[in-house]
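Below is one structure; the comments refer to it alone.
Sequence positions, counted from 1, serve as the residue numbers for this chain.
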Amino acid sequence: MADTIESAAEVLTRLPIIRKPRSGLAVAPNMPDYEAARRAFSWEAARRELDGLPGGRGLNIAHEAVDRHLHAGLGSKIAMRWLGKEGSRRALTYRELAEASNRFANLLARLGVGKGERVFALLGRVPELYVAALGSFKAGCVFCPLFSAFGPEPVRARLEIGDARVLVTNAALYQRKVAAARLALPGLRHVLLVPETGVQETRQAMPAGAIDLAEALADSSGAFAIPPTEPEDPALLHFTSGTTGRPKGALHVHAAVVAHHITGRLALDLHAEDIFWCTADPGWVTGTSYGLIAPLTNGVTMVVDEGDFDAERWYRVLAEERVSVWYTAPTAVRMMIRAGDEMARRYDLKPLRFMASVGEPLNPEAVEWGRTALGRPFHDNWWQTETGGIMIANFLAMDIKPGSMGRALPGIEAAIVRRAPGGAIQVIDAPDEQGELALRPGWPSMFRAYVNEAERYAKCFSGGWYLTGDLARRDADGYYWFVGRADDVIKTSGHLIGPFEVESVLMEHPAVAEAGVIGKPDPMAFEVIKAFVTLKSGHSPSEELKRSILAHARKRLGAAIAPKEMEFKPNLPKTRSGKIMRRLLKARELGLPEGDISALERDP
């Protein structure tokens with residue numbers, strides 16, 4: 001199998017640069033001249049594009065996303081077109097979204113949930129999820145969305161680390177993924193239940209002590225005055241995984257809305273008349289920053305599809321909703337390529353003027369396929385949970401080098417650096433040299449903390465730079481090229497998965513003594529998780545046992561995180577201190593150079 005990530009040299013020699021027209025576009029780009037925009041940009045000016053709370057009472061994400069549009073006379077404009085997985089539809093205007101989020105904020109106040117307390121949501125893409133987010137922002141609470149496909153253990157860990165006070169979910173998800181751990185979560189005071197779409201629920205099916213959200217909102221006022229909110233007040237908590245230890249909770253503040261808004265305008269070229277579809281689930285940072293905040297602050301109509309991926313369904317959504325700007329993941333693009341060009345030709349996609357991708361590197365063939373099959377190229381971009389917003393992008397009016405992440409956003413100073421002996425940071429000025437991608441701190445959506453992990457947070461910064469942990473290179477034209485992760489984090493279908501979480505669950509199986517997991521290149525998902533397992537005495541490798549272990553992992557972790565492949569090993573390679581050498585597992589699996597193995601305890 002060919003490597004998914006190609007070198008810059010391979011890309012440049014195989015696919016030509018896609019030259020962008022300098023005139024004649026149906027919609028004039030928000031940023032027609034990249035260099036001029038960089039010279040003129042300031043975060044202060046970007047902040048002035050937003051209103052701030054009336055009376056100078058600060059900055060609040062929800063006010064900028066919905067309430068200010070009412071003040072501008074746009075309350076009757078459609079903010080969200082929601083498409084149910086079973087075919088139902090619902091449209092919410094900016095006024096309706098503002099009033100619904102007011103009711104949620106009033107409900108939180110009635111429940112005694114105060115400023116800074118954490119409101120979690122474990123839901124699919126239903127309107128109540130978006131209402132809960134906006135209402136939490138208005139109330140001064142910290143909102144944390146969880147991916148609904150997580151298994152019980154990842155859900156419990158995040159609720160515990162985040163010190164959840166409120167959980168918004170439905171009865172089925174609660175019973176499968178939360179109920180068994182409820183006693184271990186004494187801080188979780190309130191569970192608000194949303195009816196499942198297409199399911200007739202009864203009050204008898206509700207867990208004891210749970211609150212029917214629909215009834216509670218009906219009893220709440222649709223008027224709410226957002227209290228003073230400082231730009232540095234916490235607003236969002238997103239979890240991301242590391243190579244060791246538990247998941248990291250990256251905390252973002254209300255000032256992040258400045259970056260969400262301006263990157264929506266510059267990187268995604270959002271105009272008020274656009275119909276915008278971000279396919280990401282809000283359980284991942286993309287689905288919140290660009291599936292909720294950025295489109296609403298820019299006053300567009302956003303499409304939210306509750307259904308799972310299906311190539312024909314997606315084409316139908318693009319065509320029937322007349323989507324003009326589409327933001328999706330490389331995995332989805334590759335799956336649509338597999339469905340064939342003929343399917344694409346059956347749909348009228350003429351309104352679609354801009355397509356962007358994020359989650360893992362977009363291979364050059366996918367960029368070119370967009371141009372030939374859909375009539376326009378995909379624009380890859382790069383950012384992280386920690387950055388909170390897009391940092392590097394291929395912009396509408398900029399030439400595309402297929403395979404490149406693009407160039408740094410106006411207001412973002414990026415560099416390729418090397419960690420020198422002694423800890424000093426050296427900036428690599430020469431083009432095409434590999435190093436670690438670093439960003440100069442100071443943009444508004446930069447995370448402010450890892451919850452309860454000050455030391456871990458401090459290690460992300462050195463020498464005046466935020467060190468991303470991603471290896472990259474920059475060419476002579478200022479385009480950045482992703483090389484790989486500096487650590488063992490696995491990227492699968494746009495999700496960052498920490499091996500430690502997966503290994504811990506595998507070792508819960510009564511037959512498993514040790515486990516090590518790696519990301520294995522996959523043409524569709526970028527990487528799939530492969531597990532290497534050693535067995536306890538008295539157990540022998542068999543296909544039946546393999547199925548049992550994998551089934552256990554799927555039940556505990558959910559299909560999105562569980563390993564897709566597994567191999568029994570008599571021993572796993574470890575350092576003398578006992579740490580499993582995942583790097584060596586991966587090198588041997590893929591036939592790559594093993595590198596320095598001086599710390600290897602034994603050669604299994």
(message) As a quick check of understanding, evaluate side chain to side chain contact (heavy atoms under 4.5 Å, CB included) for L236 and L251, giving each step before the final call.
(response) CA-CA 6 Å; L236 273 164; L251 190 65; over 6 Å; no
Test your reading of the model: is there a side-chain donor-acceptor pair from [X] to the backbone of [Y], 3.5 Å cut-off?
X: D274; Y: F276; answer: no
X: R473; Y: D432; answer: yes
X: S357; Y: L362; answer: no
X: D475; Y: P431; answer: no

side-chain contact (heavy atoms from CB on, under 4.5 Å) against [X], all qualifying residues, sequence neighbours excluded:
X: A319; value: Y347, L349
X: S462; value: I425, L467
X: R346; value: E312, E342, M343
X: A430; value: E433

Does any non-hydrogen side-chain atom of [Y] lie less than 4.5 Å from one of [X]?
X: M405; Y: W481; answer: no
X: L83; Y: E306; answer: no
X: V417; Y: I428; answer: no
X: M80; Y: L296; answer: no
X: T288; Y: P145; answer: yes
X: W43; Y: R48; answer: no
X: L471; Y: L437; answer: no
X: R582; Y: P499; answer: yes

Just to verify, what does [X] make a salt bridge (charged side-chain N to carboxylate O under 4.0 Å, His left out) with, not counting sequence neighbours?
X: K530; result: E567, E589
X: R322; result: none
X: E321; result: R81, R89

(message) Around atom CZ of R418, are there more than 12 heavy atoms from other residues, nucleotides or ligands closer than 6.0 Å?
(response)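 For R418, atom CZ is not crowded (no more than 12 foreign heavy atoms under 6.0 Å).
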(request) Consider only side-chain N and O atoms of H260 and S289, and report whether a donor and an acceptor are under 3.5 Å apart. (result)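 A donor-acceptor contact under 3.5 Å links the two side chains.
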(request) Check the side chains of W382 and D470 for a donor-acceptor pair under 3.5 angstrom, ignoring hydrogens and angles. (result)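 There is such a pair (donor and acceptor under 3.5 Å, judged by atom type) between the side chains of D470 and W382.
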[Y]/[X] salt bridge by N-O under 4.0 Å criterion:
X: D308; Y: R313; value: no
X: D522; Y: K564; value: no
X: E44; Y: R47; value: no
X: D399; Y: R19; value: yes

(request) Would you confirm whether the ring centroid of H379 sits within less than 6.0 angstrom of the ring centroid of F395? (result)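 Between F395 and H379, the centre distance exceeds or equals 6.0 Å.
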(request) Please list all pairs passing the salt bridge (Lys or Arg N to Asp or Glu O under 4.0 Å) test where one or both residues lie in residues 252-266, with sequence neighbours left out. (result)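 Applying salt bridge (Lys or Arg N to Asp or Glu O under 4.0 Å) to every pair that reaches into residues 252-266, excluding sequence neighbours, yields E49-R265.
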(request) Determine which pairs satisfy salt bridge (Lys or Arg N to Asp or Glu O under 4.0 Å) with at least one residue from residues 24-41, sequence neighbours left out, and list them in order. (result)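 Output for this query lists E35-R407.
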(message) With ring-ring contact (aromatic ring centres under 6.0 Å, His included) as the rule and sequence neighbours excluded, what pairs involving residues 286-311 come up?
(response)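 Listed by first then second residue: Y290-Y327, Y290-W383, F309-W314.
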(request) Write out all pairs satisfying ring-ring contact (aromatic ring centres under 6.0 Å, His included) with one or both partners inside residues 406-447, taking only residues at least two apart or from two chains. (result)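 Pairs touching residues 406-447 that pass the test: F447-Y450, F447-Y457, F447-Y466.
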(request) Determine, step by step, whether V300 and H271 satisfy the side chain to side chain contact (heavy atoms under 4.5 Å, CB included) criterion, reporting the C-alpha distance in whole Å, the side-chain angles of both residues, the deciding distance to 0.1 Å, and the verdict. (result) CA-CA 7 Å; V300 309; H271 293 65; over 6 Å; no
(message) How long is the straight-line distance from CD1 of I78 back to OH of Y94, given to the nearest 0.5 Å?
(response)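 The OH atom of Y94 sits 10.0 Å away from the CD1 atom of I78.
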(request) For a side-chain hydrogen bond (donor to acceptor under 3.5 Å, both in side chains) with T279, tell me which candidate from T328, T286, D305 qualifies. (result)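 That would be T328; it is the only one of T328, T286, D305 passing the side-chain hydrogen bond (donor to acceptor under 3.5 Å, both in side chains) with T279.
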(message) Whether K520 engages the ring of F526 as a cation-pi pair (distance to the six-membered ring centre under 6.0 angstrom, angle to the ring normal within 45°) should be assessed.
(response)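 Because its charged atom misses either the 6.0 Å distance or the 45° angle limit, K520 does not stack over F526.
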(request) May I ask you to check if K401 and Y479 form a cation-pi contact, with NZ or CZ under 6.0 angstrom from the six-membered ring centre and within 45° of the axis? (result)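 Output yes; distance and angle both within limits.
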(request) With side chain to side chain contact (heavy atoms under 4.5 Å, CB included) as the test, would you mind laying out the steps for I392 and N381 before giving the verdict? (result) CA-CA 6 Å; I392 296 172; N381 56 57; over 6 Å; no
(message) Could you work out, with ring pair (Phe, Tyr, Trp, His ring centres under 6.0 Å) as the rule, every residue matching H261, not counting sequence neighbours?
(response)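 By the ring pair (Phe, Tyr, Trp, His ring centres under 6.0 Å) rule, H261 matches no residue at all.
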